[in-house]
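Step one of this worksheet: look at the structure below.
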2 protein chains.
Amino acid sequence: MKWSELSDNWCPVARTLSVLGDRWTLLILRDCLLGLSRFEQFAESSGMTRHILADRLKRLVEAGILVRNPYSEAPKRYDYVLTEKGQELAPALMTLRDWGKKHLPVRRASAS
Amino acid sequence: MKWSELSDNWCPVARTLSVLGDRWTLLILRDCLLGLSRFEQFAESSGMTRHILADRLKRLVEAGILVRNPYSEAPKRYDYVLTEKGQELAPALMTLRDWGKKHLPVRRASAS
DNA sequence: GCCCCATAGTGCTGTTTCAGAACTTGCTGG
DNA sequence: CCAGCAAGTTCTGAAACAGCACTATGGGGC
């Protein structure tokens with residue numbers, strides 16, 4: 001089955017994953033919830049390639065989770081901010097965070 | 001950055017995603033929470049290829065989220081059941097489900 | 001004994017996605 | 001005029017994935 005076909009799946013979990021179930025999208029949303037909004041910030045924070053980042057941002061805008069907002073006219077510059085729909089993903093990120101904190105401790109000695 | 005390098009990330013969300021942030025893993029866990037446990041059941045329910053399914057099951061067992069359990073000796077057969085660690089992902093799946101139900105309605109006329 | 005079935009995978013081939021780095025575009029400041 | 005910043009785009013090779021066939025092990029019918 002192709003991944004894109006999940007968007008019509010009967011299961012709401014599958015539909016959700018069809019939007020943000022790839023390897024980087026949730027990390028972008030984490031950064032948004034932490035207050036980041038610019039392309040370079042996402043690139044540095046997540047460590048993903050600029051190519052994939054551009055693609056994911058485009059998809060998130062199409063999905064209505066982010067809005068592409070011009071913050072500078074002179075040299076045309078855009079940043080990305082969460083819509084209400086996107087902000088409602090916060091609980092999901094938090095449950096993932098809590099599970100990770102409990103079950104996936106950092107291996108390095110320097111505790112958080 | 002390679003995906004596998006996320007497992008040592010400072011961020012618990014990133015560490016969580018390093019385990020189950022690919023395109024199919026959360027769908028397998030959904031099926032587990034729905035009571036499925038056998039290879040063929042997962043394959044049919046999720047529609048993923050058997051190749052990827054085998055790989056994901058192996059990883060989930062290594063991560064301590066599933067256990068591979070022999071349910072038949074005669075022809076050696078195994079099924080997969082959630083550990084406690086795995087069951088604690090239920091809240092995360094539920095928040096994803098709730099978001100999907102609210103924001104990603106099925107396009108087909110036949111409502112749920 | 002022989003054949004087919006069920007179950008849990010593995011192998012193979014071609015397509016899609018991803019990683020990494022360089023390049024582009026439009027403007028600012030020196 | 002050149003360097004620098006920001007938001008991408010282009011290019012090439014590597015990894016992951018899709019689809020299907022195939023293997024392995026035992027059971028049951030005939």
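First the proteins, then the strands, lettered A, B, ... as listed; each starts at 1. The figures here come from the full heavy-atom set of this structure, side chains too, leaving out hydrogens, waters and symmetry mates.
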Return the [atom1] to [atom2] distance between [X] and [Y], rounded to the nearest 0.5 Å.
| X | Y | atom1 | atom2 | result |
| --- | --- | --- | --- | --- |
| A:Trp24 | A:Met48 | CH2 | CE | 6.5 Å |
| B:Leu17 | B:Asn9 | CG | CG | 9.5 Å |
| B:Leu34 | B:Gln41 | CG | CD | 11.0 Å |
| A:Leu53 | A:Lys58 | CG | NZ | 11.5 Å |
| A:Asn69 | A:Asp79 | CG | CG | 5.0 Å |
| B:Leu96 | A:Leu93 | CG | CG | 9.0 Å |

Legend entry - Contact nearer the 5' end of DNA chain D, comparing A:Lys58 with B:Arg56: A:Lys58
Please report the distance, rounded to the nearest Å, between [atom1] in [X] and [atom2] in [N].
| X | N | atom1 | atom2 | result |
| --- | --- | --- | --- | --- |
| B:Asp22 | D:dA15 | CG | P | 17 Å |
| B:Ile28 | D:dC17 | CD1 | P | 11 Å |
| B:Leu53 | D:dC17 | CG | P | 12 Å |

Legend entry - Working for side chain to side chain contact (heavy atoms under 4.5 Å, CB included), residues B:Phe42 and B:Cys32: CA-CA 8 Å; B:Phe42 295 133; B:Cys32 288; 3.7 Å; yes
Legend entry - Within 45° cone and under 6.0 Å: B:Arg68 NZ/CZ vs B:Tyr78 ring: yes
Inset, instruction - May I have all residue pairs that pass salt bridge (charged side-chain N to carboxylate O under 4.0 Å, His left out) and include part of residues 27-39 of chain A, sequence neighbours excluded? - result: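 Listed once each, the pairs would be none.
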Inset, instruction - Could you state whether A:Tyr71 and A:Leu60 fall into the same hydrophobic cluster, counting links through intermediate Ile, Leu, Val, Met, Phe, Trp or Tyr residues with side-chain heavy atoms under 4.5 angstrom apart? - result: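 A:Tyr71 and A:Leu60: separate clusters.
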Legend entry - Residues, nucleotides or ligands: over 12 heavy atoms within 6.0 Å of B:Lys101 NZ: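 Atom NZ in B:Lys101 is not packed in, count stays at 12 or less.
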Legend entry - Enclosure of B:Glu44 CD (heavy-atom neighbours >12, cutoff 6.0 Å): no
Legend entry - Residue whose nearest DNA chain C nucleotide is more 5′ - B:Leu57 or A:Asp55: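 The answer here is B:Leu57.
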Legend entry - Most 5' of B:Tyr78 and B:Glu5 on DNA chain C, judged by nearest nucleotide: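 It is B:Tyr78 whose nearest nucleotide is closer to the 5' end.
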Legend entry - Test applied, side chain to side chain contact (heavy atoms under 4.5 Å, CB included); reference residue, A:Tyr80; option that passes from A:Val61, A:Ile65, A:Val67: A:Val61
Inset, instruction - With side chain to side chain contact (heavy atoms under 4.5 Å, CB included) as the test, would you mind laying out the steps for A:Leu29 and A:Leu82 before giving the verdict? - result: CA-CA 8 Å; A:Leu29 293 173; A:Leu82 288 165; 3.9 Å; yes
Inset, instruction - Determine, for nucleotides 20-27 of chain D in 5'-to-3' order, which nucleotides have protein heavy atoms under 4.0 Å from the base (write B), from only the sugar-phosphate (write S), or from neither (write -). - result: -----BSS
Inset, instruction - Answer yes when B:Lys102 and B:Asp98 have at least one side-chain N-carboxylate O distance shorter than 4.0 Å, and no when they do not. - result: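 No, no charged N to carboxylate O under 4.0 Å.
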Legend entry - Nucleotide range of DNA chain C lying under 4.0 Å from chain B heavy atoms: C:dA6 to C:dG20
Legend entry - Phosphate OP1/OP2 of D:dA15 contacted by A:Arg23 side-chain N/O (<4.0 Å): no
Inset, instruction - List in numerical order all residues of residues 11-19 of chain A for which some heavy atom is under 4.0 Å away from an atom belonging to DNA chain D. - result: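 Heavy-atom contacts with DNA chain D come from no residue of residues 11-19 of chain A; none.
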Inset, instruction - Pull out every residue in residues 59-71 of chain B that has a heavy atom closer than 4.0 Å to any atom of DNA chain C, ordered by number, or say none. - result: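 Here the set is B:Arg68, B:Tyr71.
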Inset, instruction - Residues of residues 30-48 of chain B with any non-hydrogen atom less than 4.0 angstrom from an atom of DNA chain C: list those, numerically ordered, please. - result: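 Here the set is B:Arg38, B:Phe39, B:Glu40.
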Legend entry - Working for side chain to side chain contact (heavy atoms under 4.5 Å, CB included), residues B:Leu26 and A:Val13: CA-CA 9 Å; B:Leu26 283 169; A:Val13 175; 5.5 Å; no
